[in-house]
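One-based numbering, in listed order, for ligands and for the atoms of each.
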Amino acid sequence: MARILVTGGGGYIGSHACKALVAAGHEPVTFDNFHTGWHDAVQFGPKIAGDLRDSKAIEAALSDVKPEAVLHFAALIEVGASVRDPAGYWDNNFRSAKALFDAMVATDTRKLVFSSTCAVNGDLDGVEIDETSPLNPMSPYGATKAAVEMMLAGYVKAYGLRALTFRYFNVAGADPAAQVGEHHQPETHLIPLVIQAIRGSRSALKVFGDDYPTRDGTCVRDYVHVLDLVNAHVAAIDYLDRDTRVPLLCLGTGRGMTVREIIEAAEAVTGEKVPHDIAPRRPGDPASLVCGSHLARAELGWAPVHSTPEQMIGDAWRWHQRAGYTT
Ligand code: UDP
């Protein structure tokens with residue numbers, strides 16, 4: 001049993017991580033500025049409202065909580081928004097991470113799990129991404145995450161942090177009990193938008209481009225169930241105690257799905273039609289991102305057991321029958 005500080009615990013993945021930590025016998029403490037996170041999402045363990053860029057606030061939190069490890073989820077995550085506002089993304093994603101890592105060094109907090117993204121790799125022409133893939137981010141979002149990875153490598157060498165970076169993206173689904181789920185404001189992610197289009201709570205889904213060099217012309221992404229992802233983070237806490245370990249693991253299913261295939265799966269799961277139109281490409285979108293997980297299997301014993309389209313869309317659908325968060 002260990003106390004774990006979860007940055008971004010009011011967000012989508014962070015809130016599911018807190019639930020998984022409790023289930024594994026740990027004590028999560030959320031640290032979140034609640035700009036994009038939700039107070040309602042913090043249902044497992046206490047919360048500290050604070051901004052990571054406020055060095056004093058994060059240092060005080062680490063001194064008070066004395067966590068065995070930090071899970072760092074807090075970040076801005078929209079490719080499109082990052083293209084429009086790179087300054088905001090660098091400030092939020094890079095400066096926050098630096099202040100957190102500095103505070104960890106200052107308080108002798110050693111263990112860190114960092115959520116990165118396969119968007120650091122950019123477009124690899126459909127080749128499956130793995131830990132050796134070159135860094136070539138196509139958006140300021142991906143660039144901020146790549147920069148944090150590089151910063152972290154230096155901190156590990158110089159200051160003795162024990163860190164594991166996970167690269168993943170296209171997280172989908174929700175807690176099967178629908179206690180927590182995905183609620184972004186504004187929502188930009190495909191599966192929640194597909195569900196909103198079905199439910200008529202927004203206009204038709206816009207499919208961003210159907211002229212990509214993929215099997216049906218729409219973008220291919222590797223969708224992973226949020227439960228699978230957070231289980232990898234829980235496993236990482238013990239993994240960081242091992243003497244020999246790798247610094248980076250990719251978490252994907254190795255199976256990409258196109259936007260059209262997601263629409264078809266949603267229609268099969270819900271029995272409803274997804275109203276949709278073809279729209280222009282979205283700036284910063286690579287044609288295909290598929291991420292393997294061979295090393296994660298070997299190192300962590302991790303396998304994406306919940307990441308079928310049926311379970312991801314089914315759990316998301318159940319969650320969206322609820323009203324969502326309000327504060
Ligand atoms: N997408 C789409 N219409 C939307 C939202 C997303 O066609 O309204 C596409 C998007 O271009 C990408 C895929 O769905 O190919 C997944 O996008 P999302 O924003 O969910 O995740 P990202 O890949 O940006 O992390």
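- A side-chain donor from one of Thr7 and His72 sits under 3.5 Å from a side-chain acceptor of the other.
- Ligand 1 has an N or O atom lying under 3.5 Å from an N or O atom of Leu190, backbone or side chain.
- A salt bridge does not link Asp64 to Lys66: none of the charged nitrogens lies less than 4.0 Å from a carboxylate oxygen.
- The Cys219 neighbourhood of ligand 1 comprises atoms 15 (O), with distances under 4.0 Å to a heavy atom of that residue.
- For the pair Ser307 (side chain) and His225 (backbone), a donor-acceptor distance under 3.5 Å is present.
- The proximity of Phe208 to ligand 1, defined as any non-hydrogen pair under 4.0 Å, involves the side chain as well as the backbone.
- In summary, the atoms of ligand 1 found under 4.0 Å from a heavy atom of Leu193, numbered by their order in the structure, are 4 (C), 5 (C), 8 (O).
- Of all the atoms in ligand 1, the ones that sit under 4.0 Å from a non-hydrogen atom of Val259 are 7 (O), 9 (C), 14 (O).
- Contacts with ligand 1 closer than 4.0 Å are made by backbone heavy atoms (N, CA, C, O) of Lys206 only, the side chain lying farther away.
- In the vicinity of Val207, heavy-atom distances shorter than 4.0 Å reach the ligand 1 atoms 7 (O).
- Residue contacts with ligand 1, taken as heavy atom pairs separated by less than 4.0 Å, do not involve Thr117 at all.
- The shortest N or O to N or O distance between His189 and ligand 1 is not under 3.5 Å.
- With Glu261 contributing its side chain and Thr258 its backbone, the two residues share a donor-acceptor pair below 3.5 Å.
- A donor-acceptor contact shorter than 3.5 Å links the side chain of Trp302 to the backbone of Asp228.
- Residue-level proximity to ligand 1 for Tyr168 is absent, since no heavy atom of it falls below 4.0 angstrom.
- For Asp285, every heavy-atom contact with ligand 1 shorter than 4.0 Å involves the side chain, none the backbone.
- For ligand 1, the atoms closer than 4.0 angstrom to any heavy atom of Arg282 are 10 (C), 11 (O), 12 (C), 17 (O), 18 (P), 19 (O), 22 (P), 24 (O).
- At least one cation-pi condition fails for Lys145 and Phe169: the charged atom is not both under 6.0 angstrom from the six-membered ring centre and inside a 45 degree cone around its axis.
- For atom 23 (O) of ligand 1, the closest non-hydrogen atom of the protein is Arg221 NE, 2.9 Å.
- We find that Asp54 and Lys56 are not joined by a salt bridge, their nearest charged nitrogen and carboxylate oxygen being 4.0 Å or further apart.
- Counting atoms of ligand 1 from 1 in the listed order, those under 4.0 Å from a heavy atom of Thr188 are 5 (C), 19 (O).
- Screening Asp210, Asp211, Asp216 against Thr214 for a side chain to side chain contact (heavy atoms under 4.5 Å, CB included) leaves a single residue, Asp216.
- Criterion: ILVMFWY side-chain heavy atoms under 4.5 Å apart, direct or through other members. Under it, Val113 and Val246 are part of a common hydrophobic cluster.
- Taking the ring axis of Tyr212 as reference, the NZ or CZ atom of Arg281 stays within 45° of it and closer than 6.0 Å to the ring centre.
- Near Tyr223, meaning under 4.0 Å from any of its heavy atoms, are these atoms of ligand 1: 13 (C), 16 (C).
- Interface of Asn170 with ligand 1, defined as ligand atoms under 4.0 Å from a residue heavy atom, comprises 16 (C), 21 (O), 22 (P), 23 (O), 25 (O).
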